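Residue numbering restarts at 1 for every chain, and letters A, B, ... go by the order of the sequence lines. What you see is a predicted model; the values in this text were computed from it and never measured. Side chains included, hydrogens not; waters and symmetry mates left out as well; all remaining heavy atoms used.
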2 protein chains.
Amino acid sequence: MEKASTSIRSRSRRPAADLAAALLDAAAVEFAAHGFEGASTRRIAERAGAHQPQINYHFASKEQLWRATVDRLFALLVVPDVAAAPDPASAFAAGVERFLQVSASHPALNRIVNQEATAPSSRLDWLVATHLRPLHRLVAAAWADVRASGAGADLPADEVWELVTTYGALRFANAPMLALLEIPSGTEPADAAEHARRVLSVLGLAPAPGSRPGRR
Amino acid sequence: MEKASTSIRSRSRRPAADLAAALLDAAAVEFAAHGFEGASTRRIAERAGAHQPQINYHFASKEQLWRATVDRLFALLVVPDVAAAPDPASAFAAGVERFLQVSASHPALNRIVNQEATAPSSRLDWLVATHLRPLHRLVAAAWADVRASGAGADLPADEVWELVTTYGALRFANAPMLALLEIPSGTEPADAAEHARRVLSVLGLAPAPGSRPGRR
DNA sequence: GTCTATACCGAGATAGAC
DNA sequence: GTCTATCTCGGTATAGAC
């Protein structure tokens, strides 16, 4: 599409950590747009302003680069303040909003997950075992707390997971398609917050900034 | 993964139309699993029990094969009985169920759409202009009728479109991932019908086999 | 219409000078 | 650590015998 800078940086002119980070940023974009098999290390390197063999130097292989990219994206989901919410319902709502904020600002996360989700592969096995299953467990436990506190709609935890990861996240992951359909899908924090409100409303956790949860 | 049959059919032993259909079936699976760029015409031909150059004979190019594959999948969505429903709400519900039945029996449809949805491309332009925009218009008009009849939840048409295409369809498109998460997602007609009931419930069109629409 | 053979290109990865 | 040069493989597409 477009050159990273004017051309490739001259010579050994960047701290190694910076280059690794630039490669990971570029890899996220390319893997998200073309999938693992469709993405090319040449284009990733070009986007990062580097030469293609640099990838094999800093990462062992294309697959290792992919894993490092995924690790970096999922790390954005860990919330700094654990359990700083007054009740299970607002804690859950805060988690959903956090997820959607990251989904809006880093659409590569859900794009990569959905690219892998449609076919069995060693990458999908790793993705589920390393990242998705722990998250899924966390969400299930948190939803059980919400329900035990009397809040939330009468939905099983798996339905909640599906609603949040599909209806919640795809608005940002599929932004190029929605734009062509003229369905507005802003990615500013305020847009993500508004979308989170809609998702939470389906979950029976209506506005909930203060309290007053259990609706339905 | 696995050979189509024992090996490639001996010689000119299949009507041309059959081979074209077999190639389209194989293409749907491969494009759905690996995306346009990740799929290979060699594997598609192999899966169809044909030789790779046959693809360029029956279809002009990989891209033309892809378009023919998409056309064939979207053709499954056209309902034979138009306007055979007593009221807008049950007509809408029948359309949603039809969509989810096809999504369950032919997961390639939504997989291919989602593969393309994440990045601009000439394929996405064609997909939206040819198939998605007409469908989107149809759904918007049908939802307006539902709302005018006093039925359905207080949601804008675009939200309804998003809910149906994401929460509704991804359960089947992402089945390999959901299986690893041990989230049950059967693809039998009864499973699809049950899922349709859940989706329709979110839309405020609860059971609605007979009538009694407007809930919320 | 179908086959074999192959042209041509771009992929990921490696060697070795600097 | 970074570069150029190159290896090997698999991709799409085409030529031409049958």
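Formation of a donor-acceptor pair under 3.5 Å by the B:H195 side chain with backbone atoms of B:R171 is not found in this model.
The CZ-C1' distance, from B:R43 to D:dG11, rounds to 11 Å in whole Å. Atom C1' of nucleotide C:dG12 and atom CD of A:Q64 are separated by 14 Å, given to the nearest angstrom. Across the protein-nucleic acid pair, A:E37 atom CD and C:dA11 atom C1' stand 13 Å apart, rounded to whole Å. The nearest whole Å value for the distance from the NE2 atom in A:H34 to the C1' atom in C:dG10 is 14 Å. Residue A:L23 contributes atom CG, which lies 13 Å from atom C1' of D:dG1 at whole-angstrom precision. A straight line from CG of B:L65 to P of D:dT12 spans 10 Å, rounded to a whole angstrom. Residue B:H51 contributes atom NE2, which lies 17 Å from atom P of D:dT12 at whole-angstrom precision.
Residue A:A20 is classed as having no contact, given no heavy-atom separation below 4.0 Å to the nucleic acid.
Under the 4.0 Å criterion applied to side-chain N and carboxylate O atoms, B:E97 and B:R197 are not assigned as salt-bridge partners.
Between A:Q54 and D:dG1, a side-chain N or O to OP1/OP2 separation shorter than 4.0 Å is absent.
Put simply, CG on B:L132 and CZ on B:R137 are 12.0 Å apart, with the number rounded to the nearest 0.5 Å.
With a 4.5 Å cut-off on side-chain heavy atoms, B:F172 and B:R111 do not count as touching.
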Between protein and nucleotides 13-15 of chain C, what N or O pairs are separated by less than 3.5 Å?
from, atom 1, to, atom 2, distance (Å)
C:dA13, OP2, A:N56, ND2, 3.3
C:dA13, OP2, A:K62, N, 3.1
C:dA13, O5', A:N56, ND2, 3.4
C:dA13, N7, A:Q52, OE1, 3.4
C:dA13, N7, A:Q52, NE2, 2.9
C:dA13, N6, A:Q52, OE1, 3.2

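A:E63 pairs by the side chain to side chain donor-acceptor pair (under 3.5 Å) definition with nothing, not counting sequence neighbours. The side chain to side chain donor-acceptor pair (under 3.5 Å) check on A:H136 picks up A:D158, with sequence neighbours excluded.
Using a 30° and 60° split on the angle between ring planes, A:F31 and A:F36 fall in the parallel class, below 30°.
Remark on the helix from C:dG1-D:dC18 to C:dC18-D:dG1: inter-end axis angle 10°, axes from five-pair C1' superpositions, rounded to 10°.
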Which pairs would a plain distance check flag for residues 67-74 of chain A, meaning a side-chain donor or acceptor within less than 3.5 Å of a matching protein atom at least two apart in sequence or in another chain?
from, atom 1, to, atom 2, distance (Å)
A:T69, OG1, A:L65, O, 2.7
A:D71, OD1, A:H131, NE2, 2.7
A:R72, NH1, A:D25, OD1, 2.8

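The list of ring-ring contact (aromatic ring centres under 6.0 Å, His included) pairs with a residue in residues 88-110 of chain A, not counting sequence neighbours, reads A:F92-A:W143.
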